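The block underneath contains the structure these notes are about, expressed in structure tokens.
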Amino acid sequence: DAGVIQSPRHEVTEMGQEVTLRCKPISGHNSLFWYRQTMMRGLELLIYFNNNVPIDDSGMPEDRFSAKMPNASFSTLKIQPSEPRDSAVYFCASSLGGAQHEAFFGQGTRLTVV
Amino acid sequence: AQSVTQPDIHITVSEGASLELRCNYSYGATPYLFWYVQSPGQGLQLLLKYFSGDTLVQGIKGFEAEFKRSQSSFNLRKPSVHWSDAAEYFCAVGVPSGGGADGLTFGKGTHLIIQP
């Protein structure tokens, strides 16, 4: 398996624009996680899905953020409208489910909002 | 809610020297404990994990960690570091909930610098 695949690797956008980050989890994994990494706050869990269903989105910072998982092989994280403080590295991870299983991380999307 | 503290933001170690990275957690019971490593521009890779049983766990790349319940600690060690170990190291906890997947709570990370 190619691992967790995220796209794009880098995104530069202007404030106010819509941004969509994409993630393809490892085949057979039924849990998917979106994390945000910043210098100030470290790694924060934004939302996670189990069997394509959002389980906990309490980490989503604002209504401007939304995430979907229409099927087992694809998820998106959307920011609309984007703001400079959204600049961060966004990671997607997948696992077999349950906190005891290893989460495999993608290489991340570095988002810069100018 | 659970939390993780990595008290050292940066650590500098000479190549060949031993290493210990500290991690303390806060949780009412024994959580699942993990150490991940992140190389520049990369995602996180699991080094090792602890769920139960033997409190000394072995991981990849020659790393080990010891769970100490009395100290709520899960420190990472390596007897002899290599220049390729320079990276960011994250301690994380997972909470058994019994109901589907749970995300991890990460510490802020420790940046390891290797001196030649």
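In what follows, every chain begins at residue 1, and chains take the letters A, B, ... in the order their sequences are listed. All values reported here derive from a predicted model rather than from experimental measurement.
Within 6.0 Å of CZ on A:Arg110 lie no more than 12 heavy atoms contributed by other residues, nucleotides or ligands. Enclosure of atom CD in A:Glu62 by more than 12 non-hydrogen atoms of other residues, nucleotides or ligands within 6.0 angstrom is indicated. Within a 6.0 Å sphere centred on CG of A:Asp63, other residues, nucleotides and ligands contribute 12 heavy atoms or fewer. The local environment of CZ in A:Arg41 is sparse, with at most 12 non-hydrogen atoms from other residues, nucleotides or ligands closer than 6.0 Å.
A continuous path of hydrophobic side-chain contacts links B:Leu19 to B:Val37 [ILVMFWY only; heavy atoms under 4.5 Å]. B:Trp35 and B:Tyr27 fall within the same hydrophobic cluster, defined by Ile, Leu, Val, Met, Phe, Trp and Tyr side-chain heavy atoms under 4.5 Å apart, directly or through other members. Cluster membership for A:Val12 and A:Leu77, using ILVMFWY side-chain heavy atoms within less than 4.5 angstrom, is not shared. In the hydrophobic cluster analysis, where Ile, Leu, Val, Met, Phe, Trp and Tyr join through side-chain heavy atoms closer than 4.5 angstrom, A:Val89 is grouped together with A:Leu45. Cluster membership check: A:Phe105 does not share its hydrophobic cluster with A:Ile5, using side-chain heavy-atom separations under 4.5 Å among Ile, Leu, Val, Met, Phe, Trp and Tyr.
When side chains are defined from C-beta on, B:Tyr36 counts as touching A:Glu102, because their heavy atoms get closer than 4.5 Å.
Separation of atoms CG (B:Leu104) and OH (A:Tyr35) is listed at 4.0 Å; rounding is to 0.5 Å. With rounding to the nearest 0.5 Å, the separation of CG in A:Leu43 from CD in B:Gln38 is 6.5 Å.
Checked against salt bridge (charged side-chain N to carboxylate O under 4.0 Å, His left out), B:Lys68 has no partners two or more places apart in sequence or in another chain. For A:Arg22, the side-chain contact (heavy atoms from CB on, under 4.5 Å) partners two or more places apart in sequence, or in a different chain, are A:Ser7, A:Thr20, A:Phe74, A:Thr76.
Heavy-atom neighbours of chain A within the stretch residues 106-116 of chain B, taken at a separation under 4.5 angstrom, comprise B:Phe106, B:Lys108. Listed by sequence position, B:Gly41, B:Gln42, B:Gly43, B:Leu44, B:Leu46, B:Lys49, B:Phe51 are the residues of residues 39-67 of chain B in contact with chain A, using a 4.5 angstrom heavy-atom cutoff.
Interface remark: A:Gln37 contributes side-chain atoms only to the contact with chain B (heavy atom separation under 4.5 Å).
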